[in-house]
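So you know, we letter chains A, B, ... as the sequences are listed, proteins then strands, and number each from 1.
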There are 2 protein chains.
Amino acid sequence: MSNNKLPTIKEIAKRLNVSASTVSRALHDHPSIGLVTTMRVRKVAQELGYEANKTAIFFKERKTYTIGVIIPDLSEPFFSAALTGVEDAAEASNYNVIIGQSLNSFEREKKIVENMKDHRVDGMLVSLTKETSTYEHFDNLKRYNIPVVFFDRVPSRKDINYVACNLVSGMLQAITKLVAMGHKRIGLINGPAKLAATLQRLEIYIKCLKENDLPVDQDMIVSTTLAKADNLKAINKLLSLEQPPTAAIVFNDYVLLDCISAVKTTGLVVNKDISFISFANLPIWEYMDSAPLASIEQFAYKQSSMAAEFLFKLIKNAADPDSTNMPLLQHIIDSEMVEYSMPKQIL
Amino acid sequence: MSNNKLPTIKEIAKRLNVSASTVSRALHDHPSIGLVTTMRVRKVAQELGYEANKTAIFFKERKTYTIGVIIPDLSEPFFSAALTGVEDAAEASNYNVIIGQSLNSFEREKKIVENMKDHRVDGMLVSLTKETSTYEHFDNLKRYNIPVVFFDRVPSRKDINYVACNLVSGMLQAITKLVAMGHKRIGLINGPAKLAATLQRLEIYIKCLKENDLPVDQDMIVSTTLAKADNLKAINKLLSLEQPPTAAIVFNDYVLLDCISAVKTTGLVVNKDISFISFANLPIWEYMDSAPLASIEQFAYKQSSMAAEFLFKLIKNAADPDSTNMPLLQHIIDSEMVEYSMPKQIL
DNA sequence: TTGTAAGCGTTATCAC
DNA sequence: GTGATAACGCTTACAA
């Protein structure tokens, strides 16, 4: 253990019989310091292996050069991609990233916010819990001048900074494509009613059907709690209709995985008897036999890195003494339909 | 913008005409402070919404209550699971986690280490780059009393703290199982020669074949650069042998995905004409038609959370004034073969 | 029971 | 050109 304390500016000062301020200035090439002194200081600094203690500087500056990211669940590829987006943006701005997984628990989310506040992050990026419907824990941060930018799962409020994704564009492409392929009966396997996303998907689904002059048939709209057993029940309900749909929009990829299993169990063939299109997109679909026809790409990386840019803008603006009041930073990215190359069952 | 500065201990002191130390003590229920004073202090603190500025405390304590995690690539489910393991362990110890992805670049790894050192993390958890073969950048941390624990991808050195996974146990189970199923020709699709993991897998493969009294046939050992085209070439080489293997051990799941594609292209059937077993394990195999027979589970979460425990032990020990010199903390977890339920092609 | 002062490492302000 | 001092917010001997 090299328990010898790290050299400080004072240590150097003492060795040279100069003041700490002189050392500090010398090390910063302050013009007022004589060349000789500067050289002597540098030499000793070098010898001692001196390096400025940034934590002291940060403390003085009242900054941490760290931002916090709160996401629901890293095991979802969507969010790990998002985290990478944040990290890349942060690196470019010389910021560090501390991370917290809310695991879709509102209580955890609150706790993480609190903890990050205690650590005085310079800002926060947040993708909300499914449970979150109140936002005081974020409002509190104003007091600490900690700006927040939300992404993807954003509050239903207008007075916030956010980057989100518009699902309509991708869905419209998807349904239009299905129609072009001849599909007339397109079902919807939706999520639990209490989720905002569920209502949203329903509305979009209906809107896009209408745009394609298709009728909305309530029998073809089913929902699931997202539990596996329930996913199976939902798809089976569709399949057992007198006139089952020939295609279905699915709440997300995890639900879809179960749907595909169920279809196979009945002996039907995915992409022949029934085609799927789902939200989000697992990176491995392209390797799978029964991949959906397409996914609605929601650009995790793009959303999160843009949110990070926003955040750094806010941070800089707050630091600027003659900053004018910043307008809200808000952006919506259009989703896009991404087709998978040649679902194998069709070949 | 609530630009009014946050209340400090001084502010409270001023209001009450007492000293800052009194306030500090009162807020900590110091026994020497009179009840009345304590109450008055608390009241004002309450009114002002005072909260201790932890960054100041941390600075004084010369601690950050933050650890750094360096991993190659979050898009690999293995590492995002590992990160979750760290986060869970950290939460239990009231620590924060800052994250850095080396993206398998040695230069990036060095830079991240440097940056985390500047931020004075209390310790680091590291899973090395494929490129890393020198360790000065970690040795430097001793100077700053920043302990390091490696996990999964650990240095080839004995004087370090680490948690790793022993591949032999799982591989032995796997090959034994293949043999029990009647397989006599078991190939190996290995990685690039420059990776330590490649040599390791080769040795284990040979060892396990021998344990099962099977001959080692050089023709059945192929390798790939991990690039897609190369993966295809490797599997095709095996398939085009006069006597192709009936089973193969594959370097990792990503290589295997390509192998499966290739097998299908030739019209052969996975799990009938050829079976696979691979290292690591993608969370979605169980949903796939042509899943490998089994994966060698390497316990990302367990490794990383145990590494985190080690780290906290080291941190505590270093903080303890009368700490005896800590012995190295090292642990090896046995890998295990994990079978997938009923590969569908066989049903 | 309370106040004073020093200290964590650095920098900015003012004085000489 | 360089030095002293204060300040960031807090804790803790040591005094009183």
Side-chain angles (χ1 to χ4, degrees), chain A residues 3-42 44-45 48-65 117-120 122 143-145 319 321, chain B residues 3-42 44-45 48-65 117-120 122 143-145 319 321:
Chain A
N3 249 340
N4 20 352
K5 305 265 169 284
L6 291 174
T8 70
I9 229 165
K10 286 183 189 166
E11 175 66 20
I12 301 180
K14 207 191 305 175
R15 299 220 180 189
L16 290 168
N17 276 316
V18 296
S19 75
S21 21
T22 302
V23 175
S24 173
R25 284 185 279 235
L27 292 171
H28 287 84
D29 287 314
H30 195 285
S32 75
I33 298 293
L35 187 58
V36 272
T37 331
T38 303
M39 295 311 281
R40 295 198 325 136
V41 168
R42 308 218 102 153
V44 176
L48 265 50
Y50 170 82
E51 282 180 280
N53 182 336
K54 298 225 174 147
T55 62
I57 299 174
F58 295 166
F59 173 54
K60 199 170 154 44
E61 283 185 315
R62 287 196 201 68
K63 303 227 343 157
T64 55
Y65 294 97
K117 179 218 72 190
D118 282 346
H119 276 254
R120 291 293 191 275
D122 291 346
R143 205 163 163 251
Y144 299 88
N145 283 313
Chain B
N3 249 340
N4 20 353
K5 305 268 169 280
L6 291 173
T8 71
I9 226 165
K10 285 183 189 167
E11 176 65 20
I12 301 180
K14 208 191 301 173
R15 299 219 180 188
L16 290 168
N17 275 316
V18 296
S19 74
S21 30
T22 302
V23 175
S24 172
R25 286 186 276 237
L27 292 171
H28 288 84
D29 286 314
H30 195 285
S32 76
I33 299 293
L35 187 59
V36 272
T37 329
T38 303
M39 296 311 281
R40 295 200 322 138
V41 168
R42 310 217 100 151
V44 176
L48 266 50
Y50 169 81
E51 279 180 282
N53 180 337
K54 296 225 175 150
T55 61
I57 299 175
F58 295 166
F59 173 53
K60 197 173 154 48
E61 283 184 315
R62 287 195 202 71
K63 304 229 341 159
T64 54
Y65 293 96
K117 179 218 73 189
D118 282 347
H119 276 256
R120 292 291 191 276
D122 291 346
R143 201 160 167 254
Y144 298 88
N145 283 312

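A heavy atom lying under 4.0 Å from DNA chain D marks the following residues of residues 28-37 of chain A, by number: A/S32, A/I33, A/G34, A/T37. Contacts between residues 53-60 of chain B and DNA chain D, defined by a heavy-atom separation under 4.0 Å, are made by B/N53, B/A56, B/I57, B/K60. Contact check of residues 18-25 of chain B against DNA chain C (heavy atom, cut-off under 4.0 Å) returns B/V18, B/S19, B/S21, B/T22, B/R25.
The minimum heavy-atom distance between B/T64 and B/R120, with the atom names listed, is OG1-O, 2.9 Å.
Side-chain nitrogen and oxygen atoms of B/K10 include at least one within less than 4.0 Å of the OP1 or OP2 phosphate oxygen of D/dC8. Considering only side-chain N and O atoms, A/R120 lies nowhere under 4.0 angstrom from the phosphate OP1 or OP2 of D/dG9.
Between B/E51 and A/K117 there is a salt bridge, since at least one side-chain N of the basic residue sits less than 4.0 Å from a carboxylate O of the acidic one.
When rounded to the nearest whole Å, the span between CG of B/N17 and C1' of C/dG3 equals 13 Å. Taking atom CD of B/E61 as the reference point, atom P of D/dC10 lies 13 Å away to the nearest angstrom. The interatomic distance linking A/K5 (NZ) with C/dG7 (C1') rounds to 14 Å, in whole Å. A/D118 has its CG atom 16 Å from the P atom of D/dG9, to the nearest Å. The CD1 atom of A/I12 sits 12 Å away from the C1' atom of C/dG9 (whole-angstrom rounding). As a whole-Å value, the separation of B/M39 CE from C/dT1 C1' is 17 Å. When rounded to the nearest whole Å, the span between CD1 of B/I9 and C1' of D/dT12 equals 12 Å. Distance CG (A/L27) to P (C/dG9): 16 Å, rounded to an integer number of Å.
For the helix from C/dT1-D/dA16 to C/dC16-D/dG1, the rotation axes defined at the first and last 5 base pairs enclose an angle of 60°, given to the nearest 10°.
Expressed to the nearest 0.5 Å, how far OG1 of A/T55 lies from OH of A/Y65 amounts to 13.5 Å. If you take OG1 on A/T22 and CG on A/L16, they are separated by 10.0 Å, rounding to the nearest 0.5 Å.
At most 12 non-hydrogen atoms from other residues, nucleotides or ligands lie less than 6.0 angstrom from NZ of A/K54.
No side-chain heavy atom of B/N53 sits less than 4.5 Å from a side-chain heavy atom of B/T8.
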Give every donor-acceptor pair under 3.5 Å between a side-chain atom in residues 32-41 of chain A and any protein atom, sequence neighbours left out.
residue : atom : partner : partner atom : Å
A/S32   : OG   : A/H30   : ND1          : 2.9
A/T38   : OG1  : A/G34   : O            : 2.7

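Every residue was checked against the ring pair (Phe, Tyr, Trp, His ring centres under 6.0 Å) condition with B/Y50, not counting sequence neighbours, and none meets it.
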